[in-house]
Amino acid sequence: MSIETPRIVNRSSDGAARARTLAVWAGRSTVVIGVAHLVYFAVKTRPHWGGWADGTLHGRTAIDDPANAVSLSGFWSLPGSFAVPLILLGLLVSRTARAGQELPGYLAWSLAAWVLLCSLVLEPSGFPLGIVPVTLLLLSRRHRGSATRTTPGAASASG
């Protein structure tokens with residue numbers, strides 16, 4: 001006797017293929033947003049790189065020094081930003097979707113809440129761009145919803 005996990009049985013292979021494509025593009029668009037963020041702020045913060053390498057921001061007094069405010073802001077805009085984790089998330093989403101695995105619902109909804117909150121707090125910003133991958137993820141889940149889940153016994157009995 002083996003323990004099986006529920007399998008997804010698609011009534012329409014088009015729905016599953018569409019869900020997969022949408023999720024892959026959600027991941028890709030997330031990577032593009034992260035890379036665009038890095039490129040934009042790499043150009044904008046270039047004058048501060050030398051100071052970062054020399055230790056300008058080392059120590060509590062350096063961080064609290066108003067003279068370092070612009071450099072500190074630049075640090076949080078580039079190496080300390082969300083861009084690298086966002087790129088990694090996008091790569092993971094694309095890989096998971098290409099493998100045909102279902103992404104958890106909390107991913108799309110958490111990302112949507114974060115994008116909405118940050119868009120409301122900081123304007124103008126690039127946060128509204130996050131609507132693109134969020135929409136793609138939600139549409140992917142909707143297309144995935146057209147698939148039905150079978151019980152473990154029914155899955156093994158059917159094949």
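Below, each value reflects all heavy atoms present in this structure, side chains not excepted, and no hydrogens, waters or symmetry copies. All residue numbers in this chain count up from 1 along the given sequence.
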Does [X] share a hydrophobic cluster with [Y], counting links as ILVMFWY side-chain heavy atoms below 4.5 Å and allowing steps through other members?
| X | Y | answer |
| --- | --- | --- |
| L92 | I87 | no |
| F41 | F75 | yes |
| I63 | W49 | yes |
| V84 | L91 | yes |

How close do [X] and [Y] get, counting heavy atoms only, and between which atoms?
| X | Y | result |
| --- | --- | --- |
| G74 | P79 | O-CD, 4.2 Å |
| S77 | H37 | O-NE2, 2.9 Å |
| G15 | H143 | O-CB, 3.5 Å |
| S29 | L136 | OG-CD1, 4.1 Å |
| R20 | A97 | CG-O, 3.2 Å |
| P128 | S119 | N-OG, 3.4 Å |

Q | Residue R18 excluded, over 12 heavy atoms near CZ under 6.0 Å | A |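 Incorrect, the count does not exceed 12.
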Q) When clusters are formed from ILVMFWY side-chain contacts under 4.5 Å, directly or step by step, what else is grouped with L107? A)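 Noted: L107 shares its cluster with I33, F82, L86, L89, V93, L103, W109, L111, W114, V115, L122, F127, L129, I131, V134, L137, L138.
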Q.
Pair L78, W52 - check side chain to side chain contact (heavy atoms under 4.5 Å, CB included), show working.
A. CA-CA 11 Å; L78 188 62; W52 297 342; 4.3 Å; yes
(Q) Keeping S81 on the side-chain end and W76 on the backbone end, is there a donor-acceptor pair under 3.5 Å? (A)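 No, S81 side chain to W76 backbone: no donor-acceptor pair under 3.5 Å.
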Q: Spell out, as yes or no, whether a donor-acceptor pair under 3.5 Å connects the side chain of S73 to the backbone of A69.
A: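 No; zero donor-acceptor contacts below 3.5 Å.
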Q | Spacing of OG1 belonging to T21 relative to CZ belonging to R28, to within rounding of 0.5 Å | A |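 Going from OG1 on T21 over to CZ on R28, the span is 9.0 Å.
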Q. Going from CG on L139 to CZ on R141, what distance comes out if it is rounded to the nearest 0.5 angstrom?
A.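 So the gap between those two atoms works out to 12.0 Å.
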Q. Tell me, do V32 and V132 make a side-chain contact under 4.5 Å, heavy atoms counted?
A.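 No; the side chains remain at least 4.5 Å from each other.
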**Q.** side chain to side chain donor-acceptor pair (under 3.5 Å) contacts touching residues 53-64 (sequence neighbours left out)
**A.**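 Residue pairs with at least one partner in residues 53-64: R60-D64.
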